[in-house]
Amino acid sequence: MPKVANYHQELSKYISPIVEKLIKGNSLYQVKLNQQEMIEMLVELFGQFSPEEIRTITEHELIRRIDKILVL
């Protein structure tokens with residue numbers, strides 16, 4: 001279980017700045033989304049992937065995927 005917690009912490013550190021930047025850059029996100037809730041939801045979602053799978057996703061692709069999820 002500690003490995004899962006560590007992995008989720010790593011994901012949170014990786015995802016948080018991306019979510020923060022996307023929310024700051026979109027007024028609709030600022031009005032409609034809670035940043036911390038979105039980070040937690042994304043950590044859970046991306047936590048289903050192995051660390052190796054996450055590492056294969058480029059930062060640009062991850063930003064694109066997160067943006068698409070936030071739109072929903």
Side-chain angles (χ1 to χ4, degrees):
M1 204 56 127
K3 284 186 178 183
V4 172
N6 279 343
Y7 180 50
H8 282 163
Q9 287 175 342
E10 287 179 43
L11 275 174
S12 182
K13 287 179 184 177
Y14 188 48
I15 290 172
S16 293
I18 295 170
V19 172
E20 183 178 342
K21 182 178 178 181
L22 289 171
I23 288 177
K24 282 184 179 180
N26 187 316
S27 60
L28 183 60
Y29 291 172
Q30 292 172 17
V31 172
K32 296 288 185 181
L33 301 178
N34 177 295
Q35 182 173 325
Q36 190 58 41
E37 286 178 8
M38 292 299 100
I39 291 169
E40 291 171 11
M41 182 267 305
L42 289 163
V43 167
E44 286 298 317
L45 180 66
F46 286 105
Q48 296 176 22
F49 296 102
S50 72
E52 293 78 22
E53 290 172 315
I54 292 295
R55 286 186 198 107
T56 64
I57 302 171
T58 65
E59 185 175 358
H60 176 74
E61 179 64 17
L62 185 61
I63 291 169
R64 190 183 71 76
R65 290 180 186 193
I66 290 173
D67 192 35
K68 287 186 174 208
I69 292 168
L70 294 178
V71 167
L72 296 175

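Predicted model, so just to flag it, every value in this text is computed and none were measured.
- A continuous path of ILVMFWY side-chain contacts below 4.5 Å connects I69 to V71, so both sit in one hydrophobic cluster.
- The closest side-chain heavy-atom distance from F49 to I57 is not below 4.5 Å.
- Residues meeting the side-chain contact (heavy atoms from CB on, under 4.5 Å) test with S50, sequence neighbours left out: E52, E53.
- To the nearest 0.5 Å, atoms CD1 (I15) and CG (L22) are separated by 11.5 Å.
- Residues passing the side-chain contact (heavy atoms from CB on, under 4.5 Å) test with T56: none are found, sequence neighbours excluded.
- To the nearest 0.5 Å, atom CG of residue L70 and atom CD1 of residue I63 are 11.5 Å apart.
- The distance from atom CD of Q48 to atom CD1 of I54, rounded to the nearest 0.5 Å, is 10.0 Å.
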Show which side-chain atoms of residues 29-42 pair as donor or acceptor with protein atoms under 3.5 Å away, not counting sequence neighbours.
{"unit_1": "Y29", "atom_1": "OH", "unit_2": "D67", "atom_2": "O", "d": "3.2"}
{"unit_1": "Y29", "atom_1": "OH", "unit_2": "D67", "atom_2": "OD1", "d": "2.6"}
{"unit_1": "Q30", "atom_1": "NE2", "unit_2": "I23", "atom_2": "O", "d": "3.2"}
{"unit_1": "Q30", "atom_1": "NE2", "unit_2": "K24", "atom_2": "O", "d": "2.8"}
{"unit_1": "N34", "atom_1": "OD1", "unit_2": "Q36", "atom_2": "N", "d": "3.0"}
{"unit_1": "N34", "atom_1": "OD1", "unit_2": "E37", "atom_2": "N", "d": "2.9"}
{"unit_1": "Q36", "atom_1": "NE2", "unit_2": "E40", "atom_2": "OE2", "d": "3.4"}

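- Considering all non-hydrogen atoms of both residues, R65 and F46 come closest at CB-CZ, 4.5 Å.
- The two residues S12 and P17 come nearest to each other via the heavy atoms O-CD, 4.4 Å.
- Between E10 and K13 there is no salt bridge, since no side-chain nitrogen of the basic residue lies less than 4.0 Å from a carboxylate oxygen of the acidic one.
- Side chains of Q9 and N6 form a contact here, defined as non-hydrogen atoms less than 4.5 Å apart.
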